[in-house]
Amino acid sequence: MSQAFPGPHGAAGVAGHVPVLRLGEVLLVTLQGDLHDSTAQQLQEDLAETIVRSGATGVIIDISGVEIVDSFLGRVLAEIAGQTGLLAARTVLVGMRPAVAITLVELGLTLPGVHTALSTEVAMELLRQQAPSSRFGGLRQENQ
């Protein structure tokens with residue numbers, strides 16, 4: 001089951017808004033082109049609210065549509081990972097082009113808290129394998 005979460009401040013498809021798609025317990029975000037300050041801030045807010053509202057345990061950020069990464073985008077990705085981690089969810093970055101990886105290293109951006117995967121499918125499996133056993137102090141029911 002998948003569900004789009006347009007966020008409290010806009011609808012999916014609105015200019016300057018990044019839609020968040022729910023795939024089970026995972027949220028999928030696809031970045032296309034440049035991410036401006038206001039859009040980045042809105043994405044962070046929307047993701048946090050959607051994680052809490054949906055109970056998601058993972059966030060996959062697909063950056064295959066991003067051609068250039070600068071220190072701003074690197075900082076935004078690190079902040080998203082930190083924020084989702086505090087909300088008991090994990091972040092996996094997918095679709096990184098070799099030039100983007102090289103740029104991140106050259107900028108000294110290690111993106112703490114961000115896991116990487118070569119594809120969305122691998123990211124989904126990684127999140128399934130590392131699913132947290134508890135959330136917000138409560139016990140998560142496991143299939144026994």
Side-chain angles (χ1 to χ4, degrees), residues 1-138 140 142:
M1 176 178 157
S2 68
Q3 181 177 0
F5 284 89
H9 304 287
V14 172
H17 178 77
V18 179
V20 177
L21 179 67
R22 181 176 178 192
L23 302 169
E25 292 188 345
V26 174
L27 302 177
L28 175 62
V29 177
T30 302
L31 300 181
Q32 299 289 325
D34 294 335
L35 190 65
H36 301 285
D37 290 5
S38 60
T39 307
Q41 182 178 357
Q42 191 62 60
L43 174 60
Q44 288 175 309
E45 291 173 13
D46 289 350
L47 267 176
E49 291 176 19
T50 304
I51 289 167
V52 171
R53 189 172 62 245
S54 70
T57 58
V59 175
I60 297 174
I61 302 174
D62 182 351
I63 62 167
S64 59
V66 175
E67 295 192 28
I68 299 173
V69 172
D70 57 10
S71 59
F72 171 73
L73 182 56
R75 182 178 53 84
V76 167
L77 294 172
E79 287 175 1
I80 288 172
Q83 179 180 330
T84 59
L86 289 173
L87 296 173
R90 290 182 169 79
T91 302
V92 181
L93 196 61
V94 301
M96 188 176 305
R97 299 171 188 228
V100 169
I102 290 167
T103 301
L104 287 171
V105 170
E106 288 174 347
L107 290 172
L109 299 172
T110 58
L111 303 180
V114 177
H115 300 280
T116 58
L118 295 177
S119 69
T120 303
E121 293 81 15
V122 173
M124 292 288 287
E125 184 59 31
L126 178 66
L127 290 170
R128 264 189 234 109
Q129 291 173 357
Q130 297 180 350
S133 60
S134 66
R135 182 173 176 82
F136 300 110
R140 175 179 295 281
E142 300 291 336

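Positions are given from 1 along the sequence.
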What distance do [X] atom [atom1] and [Y] atom [atom2] have between them, rounded to the nearest 0.5 Å?
{"X": "Leu111", "Y": "Thr91", "atom1": "CG", "atom2": "OG1", "value": "10.5 Å"}
{"X": "Glu25", "Y": "Met124", "atom1": "CD", "atom2": "CE", "value": "10.0 Å"}
{"X": "Thr39", "Y": "Gln42", "atom1": "OG1", "atom2": "CD", "value": "8.5 Å"}
{"X": "Ser38", "Y": "Leu43", "atom1": "OG", "atom2": "CG", "value": "11.5 Å"}
{"X": "Asp70", "Y": "Asp34", "atom1": "CG", "atom2": "CG", "value": "8.0 Å"}
{"X": "His115", "Y": "Leu93", "atom1": "NE2", "atom2": "CG", "value": "11.5 Å"}

> Side chains of Val29 and Ile80: does their closest heavy-atom pair fall under 4.5 Å?
Replying inline: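 Heavy-atom side-chain distance check fails, nothing below 4.5 Å.
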Of all heavy-atom pairs between [X] and [Y], which one has the smallest distance, and what is that distance?
{"X": "Leu126", "Y": "Thr116", "value": "CD2-O, 4.5 Å"}
{"X": "Arg97", "Y": "Gly65", "value": "NH2-CA, 4.5 Å"}
{"X": "Ala123", "Y": "Val92", "value": "CB-CG1, 3.5 Å"}
{"X": "Val69", "Y": "Thr103", "value": "O-CG2, 3.2 Å"}
{"X": "Leu27", "Y": "Ser54", "value": "CD2-OG, 4.1 Å"}
{"X": "Ala89", "Y": "Gly58", "value": "CB-N, 4.0 Å"}

> Within the distance-only criterion (no hydrogens, no angle test), does the side chain of Asp37 pair as donor or acceptor with the backbone N or O of Ala40 below 3.5 angstrom?
Replying inline: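 The answer is no, because no donor-acceptor pair under 3.5 Å joins these two groups.
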> Between Gln83 (side chain) and Gln44 (backbone), is there a donor-acceptor pair under 3.5 Å?
Replying inline: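 A pair under 3.5 Å: yes.
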> Near Leu107 CG, under 6.0 Å, is it more than 12 heavy atoms from other residues, nucleotides or ligands?
Replying inline: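 Yes, enclosed.
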>> Can you confirm whether Glu67 is buried at CD, in the sense that more than 12 heavy atoms of other residues, nucleotides or ligands lie under 6.0 Å from that atom?
In response: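 Not more than 12 within 6.0 Å, no.
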>> Run the side chain to side chain contact (heavy atoms under 4.5 Å, CB included) test on Leu127 and Thr57 for me, step by step, so that the C-alpha distance in whole Å, both residues' side-chain angles and the decisive distance to 0.1 Å come before the verdict.
In response: CA-CA 8 Å; Leu127 290 170; Thr57 58; over 6 Å; no
> So among Leu77, Val114, Val76, Thr84, which one has a side chain to side chain contact (heavy atoms under 4.5 Å, CB included) with Ile61?
Replying inline: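 When Leu77, Val114, Val76, Thr84 are each tested with Ile61, the side chain to side chain contact (heavy atoms under 4.5 Å, CB included) holds only for Leu77.
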> Can Val20 and Leu47 be said to form a side chain to side chain contact (heavy atoms under 4.5 Å, CB included), step by step?
Replying inline: CA-CA 7 Å; Val20 177; Leu47 267 176; 4.1 Å; yes
